[in-house]
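First up is the structure itself, then whatever we jot down about it.
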Amino acid sequence: MSTLQDVKARLQAGCAAIVAAEDRLTEADRMVGDGDHGVGMARGFRAAMQALDTKAAATVADLFRITGVAVLSTSGGASGAIFGTFFMSAAGSLKDDRIGNEAFVAALEQGLASVKSRGGAGEGQKTVIDALVPAIEHARQAGGDFQTMLEAAAEGARQGVEATRNMRGAAGKALPLGDRAIGHVDPGALSLMVFLTAFARPVADE
Amino acid sequence: MSTLQDVKARLQAGCAAIVAAEDRLTEADRMVGDGDHGVGMARGFRAAMQALDTKAAATVADLFRITGVAVLSTSGGASGAIFGTFFMSAAGSLKDDRIGNEAFVAALEQGLASVKSRGGAGEGQKTVIDALVPAIEHARQAGGDFQTMLEAAAEGARQGVEATRNMRGAAGKALPLGDRAIGHVDPGALSLMVFLTAFARPVADE
Amino acid sequence: MKGKKIINSPERLIPEIMEGFLLASHGALTQVPGANALMRSDMPQDKIALVVGGGSGHEPMYTGFVGDGLADVSVMGNVFAAPTPDNILEATRAVHRGRGVLYVYGNYAGDNMNFDIAAELAQTEGIETRTVRIMDDVAVARHEDRRGIAGAFYQVKIAGSACREADTLDDAAAVVEHARANVRSIGVAVRAGSLPETGKLTFELADDEIEIGMGSHGEPGVERRKLPPADDLAREMTRMVVDDLPFRRGDEVALLLNNLGASTLMELMVVNRTVRAMLDDAGICVRRTDSGAYLTSLEMAGFSVTLLRLDELLAHHVGSPCRSLGLTQGIGA
Amino acid sequence: MKGKKIINSPERLIPEIMEGFLLASHGALTQVPGANALMRSDMPQDKIALVVGGGSGHEPMYTGFVGDGLADVSVMGNVFAAPTPDNILEATRAVHRGRGVLYVYGNYAGDNMNFDIAAELAQTEGIETRTVRIMDDVAVARHEDRRGIAGAFYQVKIAGSACREADTLDDAAAVVEHARANVRSIGVAVRAGSLPETGKLTFELADDEIEIGMGSHGEPGVERRKLPPADDLAREMTRMVVDDLPFRRGDEVALLLNNLGASTLMELMVVNRTVRAMLDDAGICVRRTDSGAYLTSLEMAGFSVTLLRLDELLAHHVGSPCRSLGLTQGIGA
Ligand SMILES: Nc1ncnc2c1ncn2[C@@H]1O[C@H](COP(=O)(O)OP(=O)(O)O)[C@@H](O)[C@H]1O
Ligand SMILES: Nc1ncnc2c1ncn2[C@@H]1O[C@H](COP(=O)(O)OP(=O)(O)O)[C@@H](O)[C@H]1O
Ligand SMILES: [Mg+2]
Ligand SMILES: [Mg+2]
Ligand SMILES: [Mg+2]
Ligand SMILES: [Mg+2]
């Protein structure tokens with residue numbers, strides 16, 4: 001179980017990690033896309049940090065929605081739509097002021113479903129989906145508390161990112177690369193991993 | 001004294017020397033102009049070689065006029081007008097089928113006058129004029145035969161080129177350089193030297 | 001090598017470009033309040049609306065083609081980033097006149113998703129939209145994956161004319177779909193441009209190499225090779241375009257030679273000879289030529305060749321009067 | 001670094017460009033027989049003729065501006081080399097209609113001498129000519145030494161309109177001289193272009209440097225410095241132009257932001273804001289803005305700012321209808 005306060009701090013940490021990883025994300029996109037992924041993600045998640053700071057939230061859903069709206073309306077590009085949709089859709093079921101393992105997994109699943117239907121891509125097409133799917137899998141199978149589950153999710157995302165290295169480009173700007181995309185990880189998947197890793201780090205009590 | 005045949009061979013040699021010096025002339029123009037001097041000169045003097053080869057000439061004037069017309073109608077740029085005018089105007093007084101020292105000096109002087117009035121530049125403005133003036137001076141003061149005089153003219157041009165090194169840009173594309181042109185020779189002056197040097201080389205009898 | 005740009009800061013770039021366009025338009029354009037979008041100031045009351053847009057960095061596309069007979073509003077994303085749904089939605093509301101709104105933009109994942117979200121939001125407000133994605137780039141094999149490149153010029157021109165004349169939104173959309181079925185392009189990259197945010201070149205290309213089929217964001221093309229003579233390159237590109245549709249003997253076409261940024265009109269004109277000779281040989285008749293910078297990719301050097309097969313309908317819409325910063329034809333002072 | 005161009009061979013370049021322009025014009029242009037010169041096909045019988053031209057490498061200038069209301073013929077020299085007198089003379093003969101011929105071209109030693117020779121030859125054939133040299137570049141101190149840069153656009157536009165309307169050759173020349181007295185420009189170079197013949201860059205500039213006042217053949221300017229923010233650069237360039245004439249409070253002007261080749265419209269629009277803000281502050285009112293590639297310098301990156309002070313006469317001639325490959329305004333289809 002996690003409190004509203006805790007989730008908010010974790011979201012903030014996730015956003016901050018994206019902003020800090022800007023150059024790394026951009027560099028990944030230079031290899032398989034148009035070299036702007038970090039720029040757009042940093043723009044969106046910086047806005048999300050600010051929104052989380054200033055906007056009132058009564059439920060975990062509010063927090064996710066605030067994050068999603070900020071990203072959707074600030075990032076632009078494919079990642080803005082994908083990550084914005086993901087957070088807004090994940091918010092759907094989190095109507096409480098706290099969140100447990102099951103609700104979290106359900107939220108991720110809802111996010112995944114919306115990302116799939118929004119972008120039309122499936123698994124194995126070298127997108128954020130390929131980090132999200134193993135993250136959900138690991139989270140679902142993780143025993144233990146909320147913290148343990150989050151760490152499992154982050155580890156799943158990490159493995160997912162690695163798996164994208166061997167995938168050919170089949171969606172987004174990596175598509176025309178086809179086989180030439182092999183050897184490089186997917187920038188969007190990397191972003192999800194960066195976010196989840198920071199989100200999974202225990203929040204120090206003030 | 002020199003024969004029609006000899007003058008023609010010398011003109012051919014002068015033209016060939018310009019064509020051969022294309023890169024050097026261009027490089028000089030890169031320093032103080034727009035980097036195309038050799039290109040235009042080679043274009044014009046290649047055409048002059050061809051014209052000398054194919055067109056009938058009854059007098060030395062014809063030879064100079066053939067050269068001038070070819071350069072004027074093929075080179076383009078400042079040098080096309082300058083060298084074209086020079087040869088056409090120098091032709092004016094050479095109505096004979098041979099040429100002596102006095103006639104040669106007079107022809108150069110007539111060419112110089114026309115270049116001055118065509119371009120409006122005077123001495124010391126870092127142009128072809130600054131090679132032409134000492135060439136004429138040396139030719140006039142040279143004792144001896146036609147060959148000796150030509151060698152003196154070439155040496156005068158060489159000294160003139162060196163002198164342009166210390167001149168500021170004051171005409172043509174070197175003008176805006178002003179003091180920054182100091183240290184570089186004038187491309188057009190260099191061309192005149194290259195031409196006269198080859199023109200002064202004794203022609204081997206066939 | 002890094003990029004070298006006359007800008008202030010990447011963060012202020014889009015609003016500054018917008019302000020520059022507004023001033024250059026002398027009142028012909030108006031900013032959509034609160035959005036990175038410029039609309040025509042003389043938007044008629046009773047018109048099917050045309051919304052275009054995409055990432056910035058392709059100027060004059062799309063903002064240069066807003067005006068009578070062209071688009072009604074252009075939504076400007078950040079450099080190489082599709083605009084956000086809220087900006088698209090604001091633009092949609094601003095030009096909606098009760099007869100529906102046509103979206104025309106390039107077929108990229110980012111644009112598709114952001115415009116689709118906007119369309120769904122517009123739907124909830126009772127604004128009907130139709131979408132025609134530009135997908136003229138023959139460098140991509142699968143038709144549904146094709147990117148929108150310089151063919152956007154003809155499609156926006158035709159869409160603008162169709163939205164001015166059509167009876168219904170569906171009719172207008174049908175005209176633009178018909179145009180899409182008849183337009184094909186191929187590009188070549190000679191030198192990379194650089195992103196203002198990172199200063200980095202969008203791809204690496206050796207000093208003696210070109211890449212045929214490179215996309216307008218530096219996405220990979222079909223073949224990298226040593227710089228060939230212009231005639232060889234033009235022949236190959238023309239062949240790729242002609243064979244794809246295919247264009248056939250007797251076809252009449254419009255030809256667009258698009259400068260991707262840092263190429264010269266000189267080079268385009270050299271290429272034009274060979275394209276025309278090839279088309280002549282194939283019995284394809286060029287009725288109209290557009291040449292210049294229509295859809296750029298920052299300061300990328302390179303160009304693209306676009307052919308649009310003309311029938312009576314398309315010839316009419318391509319040739320109809322229009323007025324904008326980037327193209328004015330057939331309209332009195 | 002060397003240039004990288006889509007051409008066939010430097011020797012064939014000019015005829016090939018000419019052929020490309022001819023084809024792109026779809027009959028609007030005709031080659032002057034035996035000369036590197038393109039004239040309008042619809043040259044009226046009873047008109048004061050306007051001959052323009054210069055070295056190539058500045059496209060669309062001049063050939064893009066041949067047509068009704070603009071030039072009657074453009075003489076094309078080799079790259080950066082003034083055309084030869086015989087080409088100019090052929091062009092002069094081709095458009096002469098008994099009412100005299102106006103020569104308008106940039107003030108460069110090569111152009112001056114070659115056009116002067118042509119004028120003298122024309123004179124011997126009974127063709128009267130007048131000459132107005134373009135000399136708008138404020139980077140050169142002495143007025144008579146000033147080079148012609150992008151201001152050529154307004155001068156050709158005005159000359160074209162004046163030659164269409166004026167009663168006499170002298171009247172037309174007087175209008176263009178009046179325009180010349182009211183137009184000022186300044187350029188900045190960001191990156192060098194390369195000559196097709198040599199493949200060499202026309203100048204060297206460090207990766208973080210620009211040069212203010214650089215000429216359109218890479219001739220040196222007034223100051224080399226570290227790349228400044230766009231606003232600082234635009235302010236300085238605007239100040240140089242305004243102070244030179246000087247333009248004064250209450251003046252109305254046309255503003256041209258000219259892309260020297262490889263800069264982007266994006267950058268021009270960023271610059272436009274600051275130019276406008278400066279002019280606003282100075283009480284100078286911009287009535288018309290032209291932006292894009294009008295007079296390029298091969299693929300040089302950089303741009304220039306041109307102001308033309310408008311009175312009723314000049315406003316009329318700048319605004320009058322015209323049609324050409326490079327500019328069409330106010331003419332029905
Ligand atoms: N159809 C899609 N479905 C899911 N994710 C996608 C899709 N298209 C692109 N992406 C994700 O977006 C990332 C690229 O984001 P970004 O570079 O910001 O956008 P753009 O492609 O517009 O420049 C990719 O790495 C991929 O993970
Ligand atoms: N007004 C002038 N009078 C005499 N010579 C001149 C004049 N202007 C230029 N020149 C000569 O022309 C040369 C430049 O020739 P070139 O590079 O071929 O022409 P352009 O300046 O047109 O590129 C200069 O080096 C100079 O010697
Ligand atoms: Mg990207
Ligand atoms: Mg030169
Ligand atoms: Mg992008
Ligand atoms: Mg030159």
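In what follows, chains are A, B, ... by sequence order, proteins preceding strands, each numbered from 1.
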Using modelled atom types and a 3.5 Å cut-off, is there a donor and acceptor pairing between side-chain atoms of C/N78 and backbone atoms of A/G76? no
In Å, rounded to the nearest 0.5 Å, how long is the span from [atom1] of [X] to [atom2] of [Y]?
| X | Y | atom1 | atom2 | answer |
| --- | --- | --- | --- | --- |
| A/E22 | C/T198 | CD | OG1 | 9.0 Å |
| A/L72 | C/T84 | CG | OG1 | 7.0 Å |
| A/S73 | C/L89 | OG | CG | 12.0 Å |
| C/E219 | A/D34 | CD | CG | 6.5 Å |
| C/K200 | A/E27 | NZ | CD | 4.5 Å |
| A/K173 | C/F80 | NZ | CZ | 8.0 Å |

Region of [X] that comes under 4.5 Å of a non-hydrogen atom in chain A:
| X | answer |
| --- | --- |
| C/L195 | side chain |
| C/R147 | side chain |
| C/D86 | side chain |

What part of A/T85 gets within 4.5 angstrom of chain C, counting heavy atoms only: side chain, backbone, both, or neither? side chain
Side chain, backbone, both or neither: which part of A/L177 has a heavy atom under 4.5 Å from chain C? both
Testing the basics here: between A/G119 and C/M113, what is the closest heavy-atom pair and its distance to 0.1 Å? CA-SD, 3.7 Å
Locate the shortest heavy-atom distance separating C/A109 from A/G172; write the atom from each residue and the value. CB-CA, 3.9 Å
A/R118/C/I117 under side-chain contact (heavy atoms from CB on, under 4.5 Å): CA gap, chis, key distance, verdict: CA-CA 8 Å; A/R118 174 56 66 209; C/I117 296 170; 3.3 Å; yes
Other residues, nucleotides and ligands only: do more than 12 of their heavy atoms fall within 6.0 Å of [atom1] on [X]?
| X | atom1 | result |
| --- | --- | --- |
| C/E144 | CD | yes |
| C/E177 | CD | yes |
| C/R224 | CZ | yes |

Whether A/R46 and C/E11 form a salt bridge (side-chain N of Lys/Arg under 4.0 Å from carboxylate O of Asp/Glu) is what I want to check. no
